[in-house]
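Naming: A, B, ... by sequence-line order, numbering from 1 per chain. Only a predicted model underlies this, so the values are computations on that prediction, with no experimental measurement involved. Heavy-atom basis, side chains included; hydrogens, waters and symmetry copies ignored.
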Amino acid sequence: MLKELFFIIVSSVLVNNFVFSRFLGNCPFLGVSSKTETAVGMGMATTFVLTMTAVAAYFIQHYILMPFGLAPFLQIVSFILVIASLVQLVEMVVLKISPALYNAFGIYLPLITTNCIVLAVALLIPLKNYNLIESTIFGLGAGLGFTLALILMSGIREDMEFGDVPDALKGPAIVFITAGLLAMIFLGFAGLVPL
Amino acid sequence: MVKDFVNGLWGENPIFRAVIGICSALAVTTAGQNGIAMGLALTFVLTCSSILVSILKNIIPSKVRIPCYIIVIATFTTIVDLFMKAYFPALYQVMGIFIPLIVVNCIVLWRAEGFASKMSLIRSIADALGMGLGYAWAITLISIVREILGSGTLFGIHIMGANFTHWVIMLLPPGAFLVMGILVGIMNMITRKPVKNTHCH
Amino acid sequence: MGEYKFITTSSPHIHSGESVQRIMFNVAGALMLPAAAGIYFFGLRALVLIIITTLAAVLTEAIFQKLRGKPITVWDGSAVVTGILLALNLPPGLPLWMAVVGAAIAISLGKQVYGGIGMNPFNPALIGRVFLMITFPVQMTTWINPVDGTTGATPLQIMKMQGVSTDYIKLFLGNIGGSLGETSAFMIILGGLYLLYKGYIEWRIPGFYLGTVAILSVVLGRDPIFELLSGGLMLGAFFMATDMVTSPISRLGKIIFGIGAGIFTVIIRFYGGYPEGVSFSILLMNAFTPVINRYTVPRIYGEVKVR
Amino acid sequence: MNQYTRMIVVLVAISLAAGALLAFSYEVTNPKIQEQAQQALEQAVMKVIPGAEKMTTVEKEGMTLYIGTDNQGNKKGIAFKTTGSGFSGPIEIMVGYNPKEGKLTGIEILSMSETPGLGARIKEPAFTDQFKGKSVKDDFIPKKDVKVITGATISPAAVSKAIKSSLATVTKIYPVGGDF
Amino acid sequence: MLKTFRGGIHPPYNKDLTKHKPVETAKLPDRVIIPMSQHVGAPCEPIVKVGDLVKKGQKIGEARAFVSAPIHASISGKVTAVEPRPHPGGGMVMSVVIESDGKDELFEGINAPKPLAELSPDEIKNLIRESGIVGMGGAGFPTQVKLSPPPGKTIDTIIVNGAECEPYLTADHRLMVERPDDVVLGLEAIMKATGVKNGYIAIEENKPDAIEAIRKAIQAKDGIELVELATKYPQGGEKQLINAVTGREVPSGGLPMDVHVIVDNAGTCAAIANAIKTGMPLVERIATVTGTAVNEPKNLLIRIGTPFSEIIEQCGGFKGEAGKVIMGGPMMGLAQSVLDVPAIKGTSGILVLAKNDVVLSEQSPCIRCARCVDACPIHLLPTTLGKFAERGMWTEAEEYHALDCIECGCCAYVCPAHIPLTQLIRLAKNHIMAAKKK
Amino acid sequence: MPNLILISTLSMAGLGFILGGGLVIASKKFAVENDPRIDEVLGALPGANCGACGFPGCSGLAKAIVEGKAPANGCVVGGQNVAKKVASIMGMSDAGASADRKIARVLCQGGKAEARLKADYHGVKSCRAASMVNGGPKGCPYACIGFGDCAGVCPFDAITMSENGLPVIDEEKCTGCGLCVKECPKSVIALTPEKNEVHVRCRATLKGKDTRAVCDVGCIACKKCEKECPFDAIHVVNNVAVIDYEKCRNCMKCVEACPTKTITAAFTERKKAVIDDKCIGCTICAKNCPANAITGEVKKKHAVNQELCIGCSICEEKCPKGAITMVRNGQKANNHCASCNAAK
Ligand SMILES: Cc1cc2nc3c(=O)[nH]c(=O)nc-3n(C[C@H](O)[C@H](O)[C@H](O)COP(=O)(O)O)c2cc1C
Ligand SMILES: Cc1cc2nc3c(=O)[nH]c(=O)nc-3n(C[C@H](O)[C@H](O)[C@H](O)COP(=O)(O)O)c2cc1C
Ligand SMILES: Cc1cc2nc3c(=O)[nH]c(=O)nc-3n(C[C@H](O)[C@H](O)[C@H](O)COP(=O)(O)O)c2cc1C
Ligand SMILES: Cc1cc2nc3c(=O)[nH]c(=O)nc-3n(C[C@H](O)[C@H](O)[C@H](O)CO)c2cc1C
Ligand code: SF4
Ligand code: SF4
Ligand code: SF4
Ligand code: SF4
Ligand code: FES
């Protein structure tokens with residue numbers, strides 16, 4: 001059991017990193033990776049939401065959709081509805097309870113609804129037949145993988161400020177190329193974990 | 001109206017200019033036909049959602065607008081999902097999870113929030129079609145590059161000769177990012193704006 | 001006293017005389033040792049490969065700079081080093097055109113898109129190699145056996161697949177299958193010592209890198225000497241992990257870099273899909289370098305207040 | 001209407017409409033989807049059992065087996081699914097087996113996520129065809145009994161291993177030379 | 001083991017040009033230009049007018065502020081101008097120009113005070129101030145101010161800085177060889193003035209004759225110790241020196257007195273000794289005139305205010321084509337563009353480099369080799385600071401401690417990419433300070 | 001199977017109700033006071049939440065804009081239009097040309113061609129850095145060093161460096177923010193009233209002959225301008241002429257008098273007064289003209305002697321009927337090109 005959980009983490013952080021090998025969450029990856037501070041905040045917020053979503057998705061799948069046979073067509077709608085509301089709820093609660101916490105990561109929450117990692121995690125959980133604990137860990141791993149990608153990219157981008165990137169490549173282009181190189185490097189982990 | 005349409009095709013092309021909704025643009029673009037199919041699927045969802053959002057824009061209270069828009073988008077996405085499963089099972093297998101993910105494709109919400117919820121129905125449709133097709137041609141272009149180099153084929157037809165060494169990387173994640181980056185760069189070069197004369201305007 | 005117009009500059013008014021060019025050509029010189037071993041074991045083919053990649057690297061750099069309208073600085077020798085190192089990382093039998101592609105990718109995507117020397121986040125030669133590795137996996141894993149010229153497996157592949165070790169002496173001298181310049185640990189160490197003596201590389205990176213691999217091997221029940229001598233570890237530790245552009249600047253950062261590279265190398269070698277993890281590990285630590293630099297700013301003189 | 005009531009009403013109304021619309025679409029498409037799935041399955045079975053035109057499904061000892069028959073109702077072979085653990089994920093394989101002859105009649109890769117250009121070449125006939133006519137007694141050792149793909153030995157090995165291990169069960173149910 | 005610090009460099013010292021040459025007294029200048037600002041702190045107010053007759057040692061600039069030091073005429077003659085003149089530190093500074101009458105008459109008010117043993121601490125400090133003594137190690141901080149720590153700050157150690165780590169310069173070296181007793185007397189005066197019992201004279205081991213001379217001079221003295229230092233630049237930097245001698249670290253942004261130390265240059269000590277022995281204010285100093293483009297490199301005893309041109313003339317003029325004239329040493333000295341600037345109290349040397357010796361390499365991008373990081377005696381990250389400075393990121397530079405840079409030049413000296421790191425950091429410091437003032 | 005439709009409709013409605021209710025409760029319970037402008041700005045933004053601005057989503061940017069931490073044009077995707085809308089919400093519509101608008105002007109003309117160098121400077125190409133090396137390489141210690149620090153700090157791109165190595169300020173773009181003034185180590189740039197067209201472009205307090213030795217266009221303190229000025233607006237102080245901008249009427253007399261061309265005007269042509277038919281012949285203008293350029297009989301339309309008029313505008317100001325306009329090159333005189341008038 002522990003071994004499986006460990007594999008799930010390693011797989012979603014390194015081997016099948018959500019950004020570099022599953023192509024998920026690229027828009028915020030592109031947008032929020034220019035400063036390390038922001039990257040860390042965004043990463044933490046996403047990890048939090050992902051973990052919560054994983055749990056929520058598990059319950060909806062197992063206690064609403066499956067019993068009534070609604071899974072094939074209501075999955076998407078119900079998941080996204082829950083995610084959107086959850087995110088908004090968390091945002092409001094955090095804002096009220098701790099403005100400091102809100103400033104640290106709450107402000108990233110609205111961005112997360114449109115982060116496709118969240119829905120993808122929700123959809124992958126039924127697909128992979130994970131149980132509750134596995135689902136939670138999967139959500140956590142996805143978040144950590146995303147955070148790692150963000151931090152690496154933000155560090156490189158901060159250094160790039162001092163570089164002399166050709167004008168045409170400035171902005172998203174060089175970020176994509178760098179992401180490509182990072183994805184290439186992450187392929188080194190290919191075959192690390194039997195899946 | 002025409003302007004709204006062309007805007008999505010070129011000026012604010014979601015992939016190359018606004019650089020948004022790129023996950024699917026990277027994930028499914030291993031072969032030309034995937035690009036076209038994904039593009040059409042998105043265009044459908046985008047257009048339907050834009051129509052509905054534009055119609056409902058005055059009814060929906062702003063506090064719950066995001067959940068509402070998302071439900072609308074999710075509904076249309078599921079419809080596409082079901083239809084693809086029913087009628088194009090082979091394609092469906094390739095695109096896997098990325099059809100459902102149209103829901104969170106940033107383009108859709110971007111246009112719903114940013115355009116359809118403010119503009120007239122007609123303009124919204126024009127905009128949605130422009131954006132959708134802009135997305136479609138962009139990802140088809142990416143697909144073509146990756147397919148030719150990675151498999152030596154174009155829409156499934158061998159074009160590179162028998163001895164062609166496949167560039168495996170092109171079909172793998174890094175290839176997607178690299179092609180995307182280079183194409184965005186080329187696009188920047190083509191559309192690089194001449195220095196604007198801001199002296200007297 | 002006549003009319004003089006003196007030169008004014010800010011202090012200091014003298015300079016050590018060290019230059020980028022000098023460093024690079026010294027490194028290139030040191031690389032000639034493993035290169036010589038490669039040519040000795042793999043024949044003329046190896047020499048051709050080295051020349052081709054070097055030319056391709058230099059040419060790519062010149063073309064890129066020309067296109068950008070920037071001064072052409074190929075004489076600083078960094079492209080030469082990249083070219084040679086790339087060749088030393090390739091299977092001796094690789095089709096030449098692939099080597100050219102590798103060199104072009106190394107310089108363009110690995111270096112020039114970031115603005116050229118000093119600004120690249122990743123080790124360009126390794127970017128070239130990994131690109132080739134993933135793009136042309138078959139050709140990149142076709143190894144020539146130096147003894148009889150047939151194709152065969154590298155000691156690490158044999159280890160991974162069959163769990164069989166290779167003679168230490170052979171590993172040390174280099175008459176084994178493998179990349180052109182990685183086989184002869186002896187020559188690499190010689191070159192590395194020269195660079196250490198000249199002060200062009202820092203002992204911390206290779207020291208901690210090799211040390212980590214050795215210790216982890218022992219801990220995980222492998223043969224540390226075999227692990228140290230086989231594959232690209234020596235070449236990587238002395239010539240590639242030490243690339244100053246892509247490694248941390250502080251001492252502590254260098255130590256972390258070495259240890260990290262060691263851990264990843266071991267993980268990939270022992271548990272991953274690839275028999276060898278040196279290139280990936282170094283590149284991965286390259287990616288971590290900005291973060292490391294950020295969090296290992298040294299304590300400055302007088303920073304901790306004295307009561 | 002109070003703004004909060006309105007929020008709820010709108011949200012509920014939209015959810016309601018969405019639910020209805022989706023359920024309706026599902027009703028429309030579901031038969032077709034099932035049909036497609038069935039068709040795909042049949043196609044795969046036909047492919048691995050040469051000459052089969054029809055199939056019947058039997059459940060035995062926890063395994064689902066598909067028995068292929070030709071138009072005349074002659075049994076041409078049985079097919080079953082097995083899963084191997086490949087380089088980057090599970091590989092689903094449909095295997096055709098003729099107990100009478102004790103030979104494989106063909107295999108088909110149903111799904112896999114191996115590396116395109118490398119492991120993915122297990123899908124190609126060049127690889128799959130070699131299993132046609134192979135004796136089930138064979139050891140299925142890669143590089144010896146099974147031709148592998150250069151640069152990617154893991155995927156073929158996974159396929160071979162999966163076939164071999166599932167054959168162990170299947171040959172118990174339908175022993176070689178026996179009827180089915 | 002020789003005492004030293006971490007970081008630093010080993011440039012070629014080139015001290016052989018002058019280290020064996022005894023100090024020569026320069027000939028009386030025809031004209032001196034005496035700037036009213038030769039020290040850290042408020043400039044002096046000129047108290048003479050055009051046409052006034054002044055004598056050697058007469059006060060011509062009054063120090064009104066606490067952090068300031070009075071200025072005295074270095075020759076006798078007539079004041080011909082009181083106007084802004086070019087200053088070796090750059091820019092125009094109010095100066096008194098005196099035309100020599102050739103008589104070099106001593107001002108009447110100058111007489112030897114009581115011997116040291118009879119002077120009270122306050123009398124010593126007052127004498128130091130009235131004699132216009134400022135730090136002669138380069139910075140020119142009024143010495144008396146240093147000796148009067150604010151209440152609450154205690155001093156337990158005085159270090160005489162005899163490191164003279166700058167290449168080429170030998171002024172302190174010759175001083176310690178020729179007048180060791182003056183250096184020791186100065187130190188004794190400082191110790192008495194501050195009531196400190198611990199005195200060190202720290203000298204780099206590449207000056208064995210100076211070490212020998214000082215050792216002899218302190219034989220009979222209590223509480224004074226000789227410290228031999230490793231030869232490494234910037235061993236003479238006060239923070240490095242304190243670290244090497246006492247193991248203490250001056251806190252960031254702090255002063256030596258925060259670690260209970262005062263550092264004074266050997267020349268400063270000799271000037272104090274001179275004031276005690278003769279009552280003569282600071283009107284002359286030893287300067288090394290050297291470099292590859294000077295015909296006869298020398299150690300000269302010069303009058304404050306002598307124009308550079310005249311000093312160089314006395315050393316046989318230029319040899320070949322002079323490329324750069326530097327006041328001070330090659331690591332920290334200030335490049336000059338004209339030769340009619342005067343020598344001031346802090347002029348420890350004039351270095352003239354031949355045109356061919358002036359390195360003007362093209363700057364290339366930083367290769368992150370971290371040589372600068374290893375060389376920096378403050379353990380800063382010069383490369384990072386340089387990058388911040390190039391992009392005007394002043395706040396970031398401040399976060400990375402730009403203000404702690406002592407501008408020693410080590411980083412720029414070693415940089416293989418020839419990046420003017422020291423200048424960039426200096427620029428950053430200037431911006432940060434400007435922003436602070438606002 | 002209407003059953004399935006029913007179930008799904010019900011469960012979706014339930015889900016919608018629960019979540020909607022949750023949101024309502026939350027938004028009541030956790031309501032937080034916000035600057036209403038944040039919502040307004042948020043409304044103007046495209047709402048893509050793309051994060052390209054470097055802020056976390058559109059609301060992040062909106063907040064930053066309202067708090068003044070981000071510029072109005074912070075949205076990368078939105079472009080000009082969005083920026084304009086945001087600016088108007090924030091009340092940042094451009095400052096406009098008020099009467100006493102100040103703009104930066106360069107008070108040195110000693111470029112590469114005119115000013116002599118005293119040294120061959122090498123090092124960081126920054127004016128401030130160079131000024132810290134022996135006061136800079138120029139012979140004149142007050143001269144513009146010409147590395148363009150000012151151009152670098154100008155947030156509005158109003159400053160460009162000329163071929164001759166002097167900054168040129170685009171007076172349209174200059175907002176008078178004064179950053180260049182603070183940046184310049186030589187205090188060569190000064191904020192001056194926009195209405196003033198005549199400036200002494202030299203700040204060297206060197207003695208006349210010293211200035212002449214280092215610069216062709218420096219003020220040599222000859223005092224010719226002082227003598228010419230009809231309005232007592234220019235004086236030589238500390239070896240350099242200084243204009244009292246309050247008194248100066250842009251008559252350009254001093255410009256003509258200056259032998260070193262140190263004083264410049266924004267225009268080559270002097271503007272001239274023209275009297276139109278509204279003139280009732282009150283003679284006020286004629287009485288006030290310092291140049292005695294207006295003639296005419298009482299109650300008759302007056303005329304300006306274009307030769308004598310020095311363009312000081314006094315008559316224009318004094319005329320009770322508004323009959324006098326200042327004209328330059330046939331157009332109504334204005335400090336700026338005519339096409340810009342509409343925009344203001
Ligand atoms: C990006 C990448 C993807 C790979 N994918 C596969 C794969 O799908 N299947 C496989 O068997 N080997 C794959 N490999 C190769 C394995 O890592 C391993 O080296 C190989 O299976 C060993 O086979 P060989 O003995 O024929 O060289 C891949 C390698 C790389 C670089
Ligand atoms: C405001 C101020 C007060 C100072 N007070 C003292 C002091 O009390 N004791 C002391 O040893 N030095 C004092 N100094 C001088 C410095 O320690 C130091 O000698 C001077 O800054 C030059 O050092 P440098 O030549 O190493 O740059 C003071 C400096 C300043 C600016
Ligand atoms: C890098 C550096 C090197 C220095 N080298 C010397 C030196 O060699 N000898 C010296 O007397 N002062 C040197 N100084 C100045 C000392 O830090 C310190 O200011 C001086 O010794 C104080 O004595 P003073 O006030 O009598 O000049 C150096 C300063 C710096 C920043
Ligand atoms: C000690 C040392 C090691 C180097 N190693 C590499 C290397 O592994 N790969 C490479 O492309 N360049 C290497 N270079 C050359 C150079 O640093 C490299 O081209 C830069 O990364 C280009 O910006 C090395 C240079 C030095 C001095
Ligand atoms: S000049 Fe400053 S940054 Fe450079 S080595 Fe010296 S103290 Fe360090
Ligand atoms: S010494 Fe020069 S090249 Fe090396 S890191 Fe420092 S600034 Fe960069
Ligand atoms: S005006 Fe000042 S800041 Fe601008 S270029 Fe001249 S000296 Fe530099
Ligand atoms: S322009 Fe006319 S008014 Fe102004 S200072 Fe010159 S002379 Fe005087
Ligand atoms: S499409 Fe925008 S985050 Fe995936």
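Around the CZ atom of Phe17(F), the shell of radius 6.0 Å holds no more than 12 heavy atoms that belong to other residues, nucleotides or ligands. Heavy atoms of other residues, nucleotides or ligands lying less than 6.0 angstrom from NZ of Lys164(D) number more than 12.
The shortest heavy-atom contact between Ser8(F) and Gly19(D) is OG-O, 3.5 Å.
One distance of note links CG of Leu15(F) with CG of Leu16(D); it measures 12.0 Å at 0.5 Å rounding. Of the inter-residue distances, the one linking Leu22(D) atom CG with Met12(F) atom CE reads 7.5 Å to the nearest 0.5 angstrom. Rounded to the nearest 0.5 angstrom, Ser25(D) OG and Ile5(F) CD1 are separated by 9.0 Å.
Every residue meeting the salt bridge (charged side-chain N to carboxylate O under 4.0 Å, His left out) condition with Glu35(D), not counting sequence neighbours, appears here in chain and number order: Lys32(D).
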